[in-house]
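Report on the following structure.
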Amino acid sequence: MTEPLLRIDQLRVRFDTPEGVVHAVEDVSFQVDAGETLAIVGESGCGKSVTALSILRLLPSPPSRLAGGSIRFQGRELTTLGESALRQLRGDRIGMVFQEPMTSLNPVLTIGRQLTEGLLRHRKLTRADARAQIIALLERVQIPDPARRLEQYPHELSGGMRQRAMIAIAMACKPSLLIADEPTTALDVTIQAQVLDLIGELRDEMGTAIVLVTHDLGVVGDVADRVIVMYAGRVVEDAAVDDLFDNPLHPYTQGLFAARPHLTPAGTGRRGRLTEILGMVPSLRSPVAGCAFAPRCAAATARCRSETPLLQSRDASSHSVACHHPGQQQAS
Ligand SMILES: Nc1ncnc2c1ncn2[C@@H]1O[C@H](COP(=O)(O)OP(=O)(O)O)[C@@H](O)[C@H]1O
Ligand SMILES: [Mg+2]
């Protein structure tokens, strides 16, 4: 078997805070094959962003701390890689797009300068060649009048245009992997769809794999090949998108779908937000005994409250779930 493009094993990330240690990511494992789109889905505070940011070690440390696990990208271990090697990967082999481009674009540099520097950092090009490539790229991401945009500052662009510029920066070096953390959440619904379509087109053209963080199951159904569902810092379900939509096994995943009664299976995607599961995401400060979802789960038993369920594949399939009683649909 060939090694996947990205393989994360038993990742643990903690934050040391004055109030105690936050167990933000706990024993998270998953893999992404070349060209594959993996969605990470879950409510706010489940550890999606911490997982995504850990890949390129973009979390401030302290307070964050890698407490265990392995991240292998193209066969290379990233958790022990030095800062200069990481900088080489960032924006070259691995691109990143965040929810709010204003925080990742530099407000005092023109769009053109930021794009050019990104490209020149990784490629031996003359400035004129870089500029020509960048104008072509801005055209590709459908930013009108690109030559004029190059002279503008981030605040002069609309939210949708800024996100397109971020995507252009992320894709400039044709990365093998794009990490996109809620890339459309801050945008209007119609612009969201356009930006997602754009990411999908670039993926198809360049063969880029994508790790897409989202809380939107509609987006998952539209673009993902595989899905991992996170709850309280752990992966609770991992499945091909069709398997997840046809047969969600974890009560939490079922709850996410139930919170969107109008959400139809993959391909016919309607959009929705995950807000309506009863109860709250637990604090990650004091790790609970047993299953973190038990307090919100109608099917929870004494075993669920004492023994943490591990992620296990069902019937040797590639559909895994961390639950002591998977597959039982909840009444509510
Ligand atoms: N800088 C930080 N300091 C302390 N705790 C943090 C920090 N960043 C994130 N966390 C905690 O880590 C957990 C996971 O956060 P995050 O990955 O951002 O969630 P998500 O992206 O799923 O909404 C949350 O409990 C959050 O409060
Ligand atoms: Mg997040």
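Heads up: numbering here begins at 1 and tracks the sequence. Since the structure is predicted, the reported quantities are computational estimates derived from the model, not experimental observations.
Met96 places a side-chain heavy atom less than 4.5 Å from the side chain of Leu53. No side-chain heavy atom of Gln133 sits less than 4.5 Å from a side-chain heavy atom of Leu115. Between Leu249 and His319, the closest side-chain pair of non-hydrogen atoms falls below 4.5 Å. Between Gln163 and Val97 the shortest side-chain heavy-atom distance falls below 4.5 Å. Considering only heavy atoms from C-beta on, Leu6 comes within 4.5 Å of Ile71 through its side chain. For the pair Phe293/Pro251, a side-chain contact is recorded, criterion being any heavy-atom separation below 4.5 Å from C-beta on. Side chains of Tyr153 and Ile111 form no contact here, defined as non-hydrogen atoms less than 4.5 Å apart. Residues Ile8 and Gln31 form no side-chain contact, since every pair of their non-hydrogen atoms from C-beta on lies 4.5 Å or further apart.
A donor and an acceptor atom, one from each side chain of Arg203 and Thr208, are nowhere located under 3.5 Å apart. Judged by distance alone, the side chains of Gln88 and Arg93 never bring a donor and an acceptor atom under 3.5 Å apart. Judged by distance alone, the side chains of Glu237 and Tyr231 never bring a donor and an acceptor atom under 3.5 Å apart. Judged by distance alone, the side chains of His215 and Glu43 never bring a donor and an acceptor atom under 3.5 Å apart.
Glu156 contributes no side-chain N or O that, together with a main-chain N or O of Thr110, makes up a donor-acceptor pair within less than 3.5 Å. The main-chain N or O of Val41 is never found under 3.5 Å from a side-chain atom of Lys48 such that the two would form a donor-acceptor pair. Although no hydrogens or angles enter the test, the distance criterion places no donor-acceptor pair under 3.5 Å between the side chain of Asp188 and the main chain of Ile191. The backbone N or O of Asp129 sits less than 3.5 Å from a side-chain atom of Thr126, completing a donor-acceptor pair. Between the side chain of Glu182 and the backbone N or O of Val213 there is no donor-acceptor pair closer than 3.5 Å. Judged by distance alone, with hydrogens and angles left aside, the side-chain atoms of His324 form a donor-acceptor pair with the main-chain N or O of Glu307 at under 3.5 Å. Looking at Ser29, its side chain does come within 3.5 Å of a backbone N or O of Gln10 through a donor-acceptor pair. Of the possible polar contacts, none joining the Ser54 side chain to the Arg57 backbone as a donor-acceptor pair under 3.5 Å is found. With hydrogens and angles ignored, the 3.5 Å screen pairs no side-chain donor or acceptor of Arg164 with any backbone N or O of Leu198. Side-chain atoms of Gln114 come within 3.5 Å of backbone atoms of Asn106 as a donor-acceptor pair (strictly under, hydrogens ignored).
Note that CE of Met161 is 6.0 Å distant from CZ of Arg149, once rounded to the nearest 0.5 Å. Arg148 contributes atom CZ, which lies 11.5 Å from atom CD1 of Ile143 (distance to the nearest 0.5 angstrom). A distance of 8.5 Å separates CG in Leu178 from CG in Leu212, rounded to the nearest 0.5 Å. Considering SG of Cys297 and NE2 of His325, their distance stands at 4.0 Å, rounded to 0.5 Å. Glu3 contributes atom CD, which lies 10.0 Å from atom CD of Gln74 (distance to the nearest 0.5 angstrom). Between Leu310 atom CG and Asp27 atom CG the span is 8.0 Å, to the nearest 0.5 Å.
By the side-chain contact (heavy atoms from CB on, under 4.5 Å) test, Ser313 is found to be paired with Ser320, residues two or more places apart in sequence or in another chain being considered. Scanning for side chain to side chain donor-acceptor pair (under 3.5 Å) contacts around Glu77 gives Ser70, Thr79, with sequence neighbours left out. The salt bridge (charged side-chain N to carboxylate O under 4.0 Å, His left out) check on Arg14 picks up Glu26, with sequence neighbours excluded.
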Practice problem: Walk me through it: do Ile210 and Leu38 pass the test side chain to side chain contact (heavy atoms under 4.5 Å, CB included)? | Solution: CA-CA 6 Å; Ile210 301 178; Leu38 175 93; over 6 Å; no
Decide yes or no on side chain to side chain contact (heavy atoms under 4.5 Å, CB included) for Glu201 and Arg140, but give the supporting numbers first.
CA-CA 10 Å; Glu201 284 166 21; Arg140 178 63 197 84; 3.2 Å; yes
Before you tell me yes or no, could you show the steps for Arg113 and Glu117 under salt bridge (Lys or Arg N to Asp or Glu O under 4.0 Å), namely the whole-Å CA-CA distance, both residues' side-chain angles and the distance that decides it to 0.1 Å? CA-CA 6 Å; Arg113 176 98 185 265; Glu117 284 186 355; 2.9 Å; yes
Walk me through whether His23 and Val13 qualify under side chain to side chain contact (heavy atoms under 4.5 Å, CB included).
CA-CA 6 Å; His23 294 237; Val13 182; over 6 Å; no
| query | Going through the distances and angles, do Phe73 and Ile55 end up as a side chain to side chain contact (heavy atoms under 4.5 Å, CB included)? | reply | CA-CA 9 Å; Phe73 173 73; Ile55 298 170; 6.0 Å; no
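For Asp92 against Cys173, the heavy-atom pair with the smallest separation is OD1-CB, 3.7 Å. The minimum heavy-atom distance between His250 and Cys323, with the atom names listed, is CD2-CB, 3.8 Å. Minimum interatomic distance between Thr185 and Gln192 (heavy atoms only, all atoms of both residues): O-NE2, 4.1 Å. The heavy-atom pair separating Val235 from Ala322 by the smallest distance is O-CB, 4.0 Å. The two residues Val241 and Gly221 have their closest heavy-atom pair at CG2-CA, 4.3 Å. Among all heavy-atom pairs drawn from Leu120 and Leu125, the shortest one is CD2-O, 3.4 Å.
Tracing side-chain contacts under 4.5 Å through hydrophobic residues (I, L, V, M, F, W, Y), one reaches Leu86 starting from Leu5; they form part of the same cluster. Linking Ile, Leu, Val, Met, Phe, Trp and Tyr residues whenever their side-chain heavy atoms come within less than 4.5 Å places Leu138 and Met206 in a single cluster. Two different hydrophobic clusters hold Val21 and Val25 under the rule that ILVMFWY side chains link at heavy-atom gaps under 4.5 Å. Leu58 and Phe15 fall within the same hydrophobic cluster, where Ile, Leu, Val, Met, Phe, Trp and Tyr residues are linked whenever their side-chain heavy atoms come under 4.5 Å apart, directly or through other members.
More than 12 heavy atoms of other residues, nucleotides or ligands shown are found within 6.0 angstrom of CZ on Arg123.
Using a 4.0 Å cut-off between charged side-chain N and carboxylate O, Lys174 and Glu205 make no salt bridge. Salt-bridge check for Arg87 with Glu83: passed, with a basic side-chain N closer than 4.0 Å to an acidic carboxylate O.
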